[in-house]
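Below, all heavy atoms of this structure are taken into account, side chains as well, without hydrogens, waters or symmetry copies. Predicted, not measured: the structure shown is a model, and the values here were computed from it.
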There are 2 protein chains.
Amino acid sequence: MKEIEQRLNENGVRPTAMRILIYKYLAEKEVAISLTDIETAFSNADRTTLFRTLKTFEKKGVVHQIDDGTGVQKYALCEPGCNCELEQDLHLHFHCNNCDETVCLTEHKIPHINLPEGFVAEDANLVLKGICDKCSGQ
Amino acid sequence: MKEIEQRLNENGVRPTAMRILIYKYLAEKEVAISLTDIETAFSNADRTTLFRTLKTFEKKGVVHQIDDGTGVQKYALCEPGCNCELEQDLHLHFHCNNCDETVCLTEHKIPHINLPEGFVAEDANLVLKGICDKCSGQ
DNA sequence: CTACCCGTGCAACGGAAGTGCATTTATTGT
DNA sequence: ACAATAAATGCACTTCCGTTGCACGGGTAG
Ligand SMILES: [Mn+2]
Ligand SMILES: [Mn+2]
Ligand SMILES: [Zn+2]
Ligand SMILES: [Zn+2]
């Protein structure tokens, strides 16, 4: 509880009640979360607030956005001290075709790719799709 | 012209006038194309027709869909004899943050990734973002 | 020639992201 | 403690894109 407030403060995000709740929600879930997920979980709050909270979190480096190819934006908490912006720190994501959940595989960094002449990479996104550990029965 | 008809026939797609035009359009452009792009190019035709044409092309293996993280679906012609479905044949895509175009780098296959226990990969999507060869001045 | 299938067109729907503005809540200076 | 100010929240509305239902019409096959 107190740690959350501290974490938000460190990142320059004012720890309002709502934001703490959303942070806690993100922390409990071990999967990437969509705006609609949060909207469902906090049906009393307004969608715009939740939307802007996520955008604030993203801008301040509290969460990173995930594009898993489903067409809906997902978010997950950043590791403490992570540098999502830097190309070297980009991890891959896994989307399960069975349970439809997306998880961060923070241990698995995106390998460096040699590009043709003239191409300069600044960012990368690698998503693997298949069956997750929960759904594969193992 | 005749080759296009043949190509479509080979893939089980009836070569209507519209479809041939769309195929030709995709072939001329060297970049990934969105439905809106096609809609703009063929303002006389109906959006639905174009949409379903792309979906038909995709189902029959004439084009593959590309998710470049912009939020809009793009499409590009498949290489003759490509096996987009197979994991081994997946190439990466490059999205230019300057000109906003997305290109296939068909030579660059997505490297195989060792996943944690229980995860089974069936598909992969790797998108690099940065500055393309045209925009980097080289 | 006729019946049918499939491509095309028109209209409408639904989900999701995003914005402008009013209102409430928190923060700061006096 | 109070006023002035800034930030967060809520409501309404919009736009964009993908998608579907249904009706029409031209080509294809029997
Ligand atoms: Mn992640
Ligand atoms: Mn491609
Ligand atoms: Zn799963
Ligand atoms: Zn470019």
(message) Generate the contact string for nucleotides 25-30 of chain D. Rules: B means base contact, S means sugar-phosphate contact only, - means no protein heavy atom under 4.0 Å.
(response) ------
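Between the side chains of A/S136 and A/D133, not a single donor N or O lies within less than 3.5 Å of an accepting N or O.
Within a heavy-atom distance below 4.0 Å of DNA chain D, the residues of residues 46-70 of chain A found are A/D46, A/T48, A/T49, A/R52. Near DNA chain D, meaning a heavy atom under 4.0 Å from it, residues 33-45 of chain B has B/L35, B/T36 in order of number.
Following rounding to the nearest Å, A/I22 (CD1) and D/dT9 (P) show an atom-to-atom distance of 8 Å. The distance between atom CD of A/Q73 and atom P of D/dC16, rounded to the nearest whole Å, is 16 Å. Here the P atom of nucleotide D/dA7 and the CZ atom of A/R19 are 11 Å apart, to the nearest Å.
In this structure, A/T53 contributes its side chain and A/R19 its backbone to no donor-acceptor pair below 3.5 Å. Without hydrogens or angle criteria, B/K129 side chain to A/D123 main chain gives no donor-acceptor distance under 3.5 Å. In this structure a side-chain-to-backbone donor-acceptor pair under 3.5 Å is missing from B/N9 to B/Q6.
Separating the CG atom in A/L92 from the CG atom in B/N125 is a distance of 12.0 Å, to the nearest 0.5 Å.
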(request) Assess whether side chain to side chain donor-acceptor pair (under 3.5 Å) is satisfied between A/D37 and A/S34, documenting all intermediate values. (result) CA-CA 5 Å; A/D37 291 335; A/S34 73; 3.1 Å; yes
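Within 6.0 Å of the CD atom in A/E10, the count of heavy atoms belonging to other residues, nucleotides or ligands exceeds 12. For B/K29, the NZ atom is loosely surrounded, since the number of other residues' heavy atoms within 6.0 Å does not exceed 12.
In this structure, B/F57 has its ring center no closer than 6.0 Å to that of B/Y75.
Counting heavy atoms from C-beta on, the side chains of A/N97 and A/C135 never come closer than 4.5 Å.
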